[in-house]
Amino acid sequence: LPGPPTNIAITNIGPRSVNLQFKPGYDGKTSISRWLVEAQVGVVGENEDWLMVHQVSNEPEARFLEVPGLNPYTFYRFRMHQVNIVGNSPSSQPSRKIQTLPAPPDMAPANVTLRTASETSLWLRWMPLPEWEYNGNAEQVGYRVQYYRVGSQGRGLTHIITDRLEREFTIEDLEEWTEYEVRVQAVNGIGMGPWSQPVRGRTRESVPSCGPTNVSAFATTSSSILVRWFEVPEHDRNGLILGYKVMYKEKDSDSAVRFWMVEGNASHSVQLTSLGKYVLYEIQVLAFTRIGDGRPSSPPILERTLDDVPGPPVGILFPEVRTTSVRLIWQSPAQPNGIILAYQITYHLNSTNSNAATVDVLNPSTRQYTVTNLKPESVYVFRITAQTRKGWGDAAEALVVTTEKRARPQPTSRPIVPQKDVESRQVRLSWEPGSDGLSPVRYYTVQLKELPENNWTVHSASVNHEATSYIVSRLKPFTSYQFRVKATNDIGDSEYSEESEAITTLQDAPDEAPTILSVTPHTTTSVLIRWQPPAEEKINGILLGFRIRYRELLYDRLRHYIHTVNSLSSWAELN
């Protein structure tokens, strides 16, 4: 048998190899066929195991060996055997303990997964690098996360994570409803390891971040406007566009904004109908997704409906009446439907045919007219019409008695509300008129009082003079009211009628939904929901309970984003 090698020295220490220099032992009077190198790896000591790490054959004259295949930044101690035809020599004396140099990590983090976290974030998880794969100082080991939009030409953004034990990261400030590609690599004090295989994920849907573009409007008739628009830019859709809402209201008015719904993303135009005539409208368009309404287009566009024949003049009164003359005043139509060009007044005895009427045309600024040479103690019919470029409109008609014995009207009877005419938000009020004091009633005023308050408020001061009933709308459900009525003629107002009996409107569905405060996981098959009831004045009756609707959102298991078709699955209910 040969003797052991001696004088082992270590040189050229690198991350993955060292050189061993040695003096051969006794050769046993035959040539040395192999050199064997053993090492203690990581933990070095008298009782630790020795592992075969390298062997070289057919170099009997060798005086140094390169030992490859070592682990970076790892402690080693070496010993050698020499082999001849008889067998192995005893082991040499162990070398000194050395540590290989550090190197970048050899492997990428494993089990990389990407999940949707919110509309603007994704949740990334991975398996941390095993300690023996650090290849360097553990305190300098961390991770780099790189992410970018699928299809983008840029290199994306990178985030550094310094904790070597970290296994998850939430990528924030992303774009809504956008697919991203993400990869991870380990880093240490020397450099960067290989990238993991990229994974893809999509952020959740949100509402569109801007409105449709190129919104235009064109008046087609006196009561309709055609509105057109282009799609929302793709990067601002933030989800699947389910439809559009056209918002419109009269400019500089206190009226509420009205909405016209257009379902689906195929149609990009709509005809707004039933509009006011010759009215200037502000128009905006918004798109909506499954999550809700996006921002409206801005700024609002303005378009006026075409003009039409005007409505009747309003507020006809006869402030001066004599036995042979009268003076009447009026106001311009509530619905002028264009620019008023003239007024026309006709009048005749109520007992004669209208063909015998006197006609006079006045300029558009005129608001009063005096007629003389009338018959005393007679009833006359006056008709006033207005004119636009589209023609003469409907006439307003009023009676007057040529007498100087006029007086204020008498109060109406006590108004009554039959129970069959009581609804949740309106009631029908009826009364009998009193004496008109030889001056025809021009209009009635209806007041209401919400109990238990004591304040009377005017609901309408323009009820038709021929009316003996009136629908009082805009009432609150499940609320008690009283009503009273007064008449007005050319001389003045009557006293208010006697108050009606107290009437309670019917109950109605609540006007406001509860507010969901939180939904949190409770068990593996249940969630805990907390909510706040609607405001008391919005309940509209006696609160009987709540109804909870819920549905499952089905995810694509490969890409982890919501199927837009399945997201419209049917709702289940809890009562």
Side-chain angles (χ1 to χ4, degrees), residues 207-208 210-230 232 244-262 268-288 292-317 329-343 363-368 384-394 396 425 443 445-446 457-464 472-475 511:
V207 299
C210 78
T213 57
N214 293 356
V215 179
S216 63
F218 176 72
T220 52
T221 71
S222 60
S223 60
S224 62
I225 293 176
L226 177 64
V227 183
R228 293 191 178 100
W229 61 89
F230 287 1
V232 178
Y244 299 90
K245 294 178 182 178
V246 179
M247 307 165 52
Y248 59 103
K249 69 180 290 292
E250 295 182 22
K251 182 172 172 53
D252 300 328
S253 79
D254 296 330
S255 59
V257 176
R258 296 158 68 186
F259 292 87
W260 194 293
M261 175 87 74
V262 179
H268 297 144
S269 66
V270 70
Q271 183 100 345
L272 304 180
T273 58
S274 302
L275 304 178
K277 298 177 180 180
Y278 200 67
V279 173
L280 185 62
Y281 283 91
E282 291 181 338
I283 300 172
Q284 293 174 283
V285 184
L286 64 82
F288 61 90
D293 294 343
R295 294 180 181 175
S297 57
S298 184
I301 62 170
L302 302 178
E303 181 67 6
R304 186 186 295 276
T305 50
L306 302 181
D307 52 359
D308 204 342
V309 295
V314 297
I316 300 177
L317 294 175
I329 60 176
W330 64 91
Q331 297 175 16
S332 58
Q335 297 175 328
N337 301 342
I339 298 173
I340 300 300
L341 302 178
Y343 290 100
N363 67 57
S365 62
T366 305
R367 293 293 182 276
Q368 64 177 6
I384 308 177
T385 60
Q387 182 190 38
T388 65
R389 70 186 186 94
K390 292 292 185 178
W392 294 100
D394 294 333
R425 298 175 189 269
Y443 58 87
T445 299
V446 174
T457 58
V458 174
H459 185 272
S460 176
S462 58
V463 179
N464 188 285
V472 185
S473 58
R474 307 190 304 276
L475 302 180
D511 281 335

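For Arg228, the salt bridge (Lys or Arg N to Asp or Glu O under 4.0 Å) test picks out no residue, with sequence neighbours left out. Scored by the salt bridge (Lys or Arg N to Asp or Glu O under 4.0 Å) test, Asp394 finds no partners at all (sequence neighbours excluded). The side chain to side chain donor-acceptor pair (under 3.5 Å) test applied to Ser253 returns Ser255, not counting sequence neighbours. A search for side chain to side chain donor-acceptor pair (under 3.5 Å) contacts involving Asn464 returns nothing, not counting sequence neighbours. In this structure, the side chain to side chain contact (heavy atoms under 4.5 Å, CB included) partners of Gln335, at least two apart in sequence or on a different chain, are Asn337. Lys390 pairs by the salt bridge (Lys or Arg N to Asp or Glu O under 4.0 Å) definition with nothing, not counting sequence neighbours. Take Tyr281 and apply the ring-ring contact (aromatic ring centres under 6.0 Å, His included) test, not counting sequence neighbours, and it matches no residue. Contacts of Asn363 classified as side chain to side chain contact (heavy atoms under 4.5 Å, CB included), with partners at least two apart in sequence or in another chain: Ser365, Thr366. When the side chain to side chain contact (heavy atoms under 4.5 Å, CB included) test is applied to Arg295, no partner is found at least two apart in sequence or on another chain. The side chain to side chain contact (heavy atoms under 4.5 Å, CB included) search around Thr220 returns Phe218, Ser224, Leu226, Gln271, not counting sequence neighbours.
Sorted by first then second residue, the salt bridge (Lys or Arg N to Asp or Glu O under 4.0 Å) pairs that include residues 210-222, not counting sequence neighbours, number zero.
For the pairing with Gln284, the side chain to side chain contact (heavy atoms under 4.5 Å, CB included) check across Pro299, Ser297, Pro212 returns one residue only, Ser297. No option in Asp252, Leu302, Thr305 other than Leu302 meets the side chain to side chain contact (heavy atoms under 4.5 Å, CB included) test with Leu280.
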Side-chain donor-acceptor pairs under 3.5 Å in residues 307-315, sequence neighbours left out?
unit_1: Asp307; atom_1: OD1; unit_2: Arg389; atom_2: NH2; d: 3.3
unit_1: Asp307; atom_1: OD2; unit_2: Arg389; atom_2: NE; d: 2.6
unit_1: Asp308; atom_1: OD2; unit_2: Ser222; atom_2: OG; d: 3.1
unit_1: Asp308; atom_1: OD2; unit_2: Lys277; atom_2: NZ; d: 3.1

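In this structure, Tyr248 and Ile225 have side chains that are not in contact, with every pair of non-hydrogen atoms separated by 4.5 Å or more. In this structure, Trp229 and Val262 have side chains that are in contact, with non-hydrogen atoms separated by less than 4.5 Å.
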